[in-house]
Amino acid sequence: MKKNLLLLLIVILFNSCFGGDKTDEELLAKDKKTLVASIDSDKVLSYKFGKILIRASVAKDTVSPEFAEFKSDLDRVFSKISKYNSNDQESLSVLDYISIYRDYKKMENFIMETDEDEFPTLLEAFNASNTQGKKILAGKEKEYVQNIEHSVLSAIVILSRDIGKEVSLYECSKTKPELLPDSEIKTLLQYFRGFLFFEKKLYYLSEDEISRNIDWLNANEGVDLPYTRAMFQWGNLNNEQTHIGLHSLNHLFRGFDRLMMERDIDEERALEDFEMFLEDSKKIGLDNEVIWSIESYLYLKKEKNDKAIAALKKLKTSDLLSAKEKERLGESIVYVKNREPGKVLNGFYDKYFLSKIATKYMLSLLAEVDWQKLMEEQNVPHTKEMFTAIENFNSFIKNYNKYTSSENLEKTGEELLKQGEGLWDKTKGLLD
């Protein structure tokens with residue numbers, strides 16, 4: 001009995017110290033916790049404040065006791081910000097910015113703890129003048145509209161230098177694709193989320209999104225994909241080819257997700273995804289940087305040095321690579337020529353370089369998308385208002401930070417003092 005107990009303790013101790021790989025479910029749960037932590041930033045909180053101001057502007061004070069307490073403050077700030085025009089830098093005064101800062105600090109905890117989805121949708125806020133007396137959206141209808149809003153905004157803001165990827169990730173965290181009906185829109189949303197999660201090194205979250213996409217695409221080979229053709233500018237492809245193209249991109253990024261993971265089984269799965277990506281790409285005649293990089297990687301794995309070198313030479317001509325990257329790629333080509341069988345190509349040409357090429361390629365595709373034109377062509381309501389709001393918010397945040405960031409508050413006070421004692425008196429208490 002004692003022997004068995006001792007053996008059991010040794011097994012438990014061994015597993016706790018040298019335990020096997022965690023399951024996919026455990027690693028996915030870990031990524032979900034990391035996602036929550038990664039969007040806890042001042043930039044995201046300021047952005048969330050702006051969205052709550054817009055959405056709360058058409059909400060009744062019965063939403064919650066906390067909201068009722070701050071309703072008048074929110075309305076006052078919204079009234080000021082709604083007058084802001086990015087083409088008129090003086091549409092708000094320094095005093096306005098300081099006043100908004102004071103109100104923001106007063107409501108900071110409320111903003112931090114409040115879910116913006118408690119309030120009416122942006123669609124209802126933008127359409128406020130035409131919705132008087134109309135029933136506010138609720139239930140599945142509201143969930144659908146705000147999910148679309150979150151997904152559209154996540155796509156629009158990712159390439160914004162001033163708003164950027166943190167906010168895009170926040171918008172992704174607010175979407176709930178599982179509540180949307182299976183469709184092309186849902187598939188594109190999940191692909192985009194998968195790409196963003198990959199960029200943030202949330203590989204298990206990304207893999208989960210993309211795997212669901214691949215399953216849906218495999219089960220719906222004949223589905224029409226007009227949004228995909230428009231977004232990726234594949235107007236020369238027919239519907240079957242568009243399906244293959246989207247299928248290939250999903251396998252590509254799932255392959256990268258798996259390549260960046262640590263378990264041996266993940267690398268095996270990654271190689272299978274890359275093989276499928278190349279197979280799909282050949283079917284529709286694609287020939288670009290990503291294909292050359294994946295080809296070279298697989299050829300190296302299979303000890304086909306001549307083919308690997310040919311792919312690497314093609315890759316070296318890419319405009320996506322910097323001069324330094326091309327120089328180091330040239331060094332890698334020399335290494336491959338001289339390497340002994342069985343030796344791995346180390347250093348520069350590794351999985352991180354591969355993923356960098358794919359990310360640059362994807363961002364270059366997204367940068368080419370005229371989101372406003374695309375949305376208007378697809379009859380997305382209030383597209384113009386949404387883009388105007390984003391442009392104004394971008395400009396407003398620049399000026400807001402100029403006057404109210406911790407390092408600039410003292411300078412702002414000095415600037416006001418120079419403008420006159422009367423103006424300074426008006427700000428007493430606002431900078432506390």
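These numbers were taken from a predicted model, which means no experiment stands behind them.
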Show the nearest heavy-atom pair for residues I291 and S281, with the distance to one decimal.
CD1-CB, 3.6 Å

Check whether D61 reaches the backbone of K71 with its side chain - one donor and one acceptor, N or O, closer than 3.5 Å.
no

Under-4.0 Å salt bridge between E268 and R263
no

Can a side-chain donor-acceptor contact be found between S206 and D257 if the only test is distance below 3.5 angstrom?
yes

Look at K105 together with E108 and state whether they make a salt bridge at an N to O cut-off of under 4.0 Å.
yes

Can you find a side-chain donor-acceptor pair between Y170 and E116 that sits under 3.5 Å?
yes

Here the salt bridge (Lys or Arg N to Asp or Glu O under 4.0 Å) pairs for residues 227-236, sequence neighbours left out, are D224-R229

Parallel, tilted or perpendicular for F49 and Y104, by the 30°/60° rule?
tilted

Side chains of Y47 and E166 only: does a donor on one sit below 3.5 Å from an acceptor on the other?
no

Please walk me through it: do F274 and F256 pass ring-ring contact (aromatic ring centres under 6.0 Å, His included)?
CA-CA 8 Å; F274 289 151; F256 279 120; 5.2 Å; yes

Taking every non-hydrogen atom, the tightest pair across S168 and L196
OG-CD1, 3.2 Å

Are a donor atom and an acceptor atom from the side chains of D117 and H150 found within less than 3.5 Å of each other?
yes

After noting the C-alpha distance and the side-chain angles of F70 and D103, does the key distance pass the side chain to side chain contact (heavy atoms under 4.5 Å, CB included) rule?
CA-CA 10 Å; F70 292 112; D103 286 322; over 6 Å; no

Pair K142-Q146, side-chain donor/acceptor within less than 3.5 Å
yes

So, do F110 and L74 sit near enough that their side-chain heavy atoms are less than 4.5 Å apart?
yes

Going through the checks in order, is the salt bridge (charged side-chain N to carboxylate O under 4.0 Å, His left out) test met by D115 and K174?
CA-CA 9 Å; D115 181 356; K174 295 299 296 174; 2.5 Å; yes

I'd like to check W292 versus T317 (side-chain heavy atoms, cut-off strictly below 4.5 Å). Are they in contact?
yes

Compute whether any side-chain donor of one residue and acceptor of the other, for R193 and S154, lie under 3.5 angstrom apart.
no

For salt bridge (charged side-chain N to carboxylate O under 4.0 Å, His left out), just list the numbers for K316 and E325, CA-CA rounded to whole Å, side-chain angles, deciding distance to a tenth of an Å, and then say yes or no.
CA-CA 8 Å; K316 197 180 172 188; E325 287 170 336; over 6 Å; no

Once you measure the plane-to-plane angle for F195 and F192, does it fall in the parallel (<30°), tilted (30-60°) or perpendicular (>60°) bin?
tilted

Does the side chain of E171 come under 3.5 Å of the side chain of S151 through a donor N or O and an acceptor N or O?
no

NZ/NE/NH1/NH2 to OD/OE distance under 4.0 Å, R212 and D215
no

Partner residues of E275 under the salt bridge (charged side-chain N to carboxylate O under 4.0 Å, His left out) criterion, sequence neighbours left out
K302

Would Y97 and F396 count as a close aromatic pair, with their ring centres under 6.0 Å?
yes

What heavy-atom pair brings N239 and V223 nearest, and what distance separates the two atoms?
ND2-O, 2.6 Å

When you compare the side chains of N218 and H247, does any donor N or O come within less than 3.5 Å of an acceptor on the partner?
yes

Taking C-beta and beyond as the side chain, do E26 and K30 meet within less than 4.5 Å on heavy atoms?
no

State, with a plain yes or no, whether a side-chain heavy atom of L122 is found less than 4.5 Å away from one of K51.
yes

Pairing donors with acceptors under 3.5 angstrom, does anything connect the side chains of Y361 and N288?
yes

